[in-house]
Amino acid sequence: MNTFKDDMPIYLQLRQQIEEQILARALKEEEQLKSLRVLAAEYRINPLTAGKAITALVDEGLLYQKRGIGVFVAPNAREMIIKSR
């Protein structure tokens, strides 16, 4: 899908791409993200790398997990990104 640059770890680049999707409203609040396996397959990366990016966003409160269901965009995630930048 997207090509990654060599100057930055892939998980950080994926994290930035997800943040950009939230800012562009391609991912809306309460919308479910694709599974880690699907994300990894689309970006042609290791699922552990995709998981590291998602975990970082969950830790920041931009995403949240529902056990057994998936990962979702947190309410006010867009505003939090804008504020942090």
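All figures in this text were calculated on a predicted structure; none of them were measured in a lab.
For Gln13, the side chain to side chain donor-acceptor pair (under 3.5 Å) test picks out no residue, with sequence neighbours left out. Residues passing the salt bridge (charged side-chain N to carboxylate O under 4.0 Å, His left out) test with Arg85 are Glu19, Glu20, sequence neighbours excluded.
Here the closest non-hydrogen pair linking Phe4 and Leu14 is CE2-N, 4.0 Å.
The side-chain hydrogen bond (donor to acceptor under 3.5 Å, both in side chains) analysis of residues 46-56, with sequence neighbours excluded, yields no pairs. For residues 19-38, there are no ring pair (Phe, Tyr, Trp, His ring centres under 6.0 Å) pairs, not counting sequence neighbours. Identified under the salt bridge (charged side-chain N to carboxylate O under 4.0 Å, His left out) test for residues 21-31, with sequence neighbours left out: none.
Here the straight-line distance linking atom CG of Leu57 with atom CG of Leu33 works out to 8.5 Å at 0.5 Å rounding. Interatomic distance, Leu39 CG to Arg44 CZ, rounded to the nearest 0.5 Å: 15.0 Å.
Ile10 and Leu48 sit in two unconnected hydrophobic clusters of ILVMFWY residues. Membership requires side-chain heavy atoms under 4.5 Å apart, directly or through other members. Grouping the Ile, Leu, Val, Met, Phe, Trp and Tyr side chains by contacts below 4.5 angstrom, directly or via other members, places Ile45 with Leu63.
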Applying side chain to side chain contact (heavy atoms under 4.5 Å, CB included), run through Gln16 and Met8 and close with a yes or a no. CA-CA 11 Å; Gln16 281 183 334; Met8 183 186 298; 3.9 Å; yes

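Enclosure of atom CG in Asp7 by more than 12 non-hydrogen atoms of other residues, nucleotides or ligands within 6.0 angstrom is indicated.
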Distance-only donor-acceptor pairs under 3.5 Å for side chains of residues 68-82, two or more places apart:
from  : atom 1 : to    : atom 2 : distance (Å)
Arg78 : NE     : Leu23 : O      : 2.9
Arg78 : NH2    : Leu23 : O      : 3.4

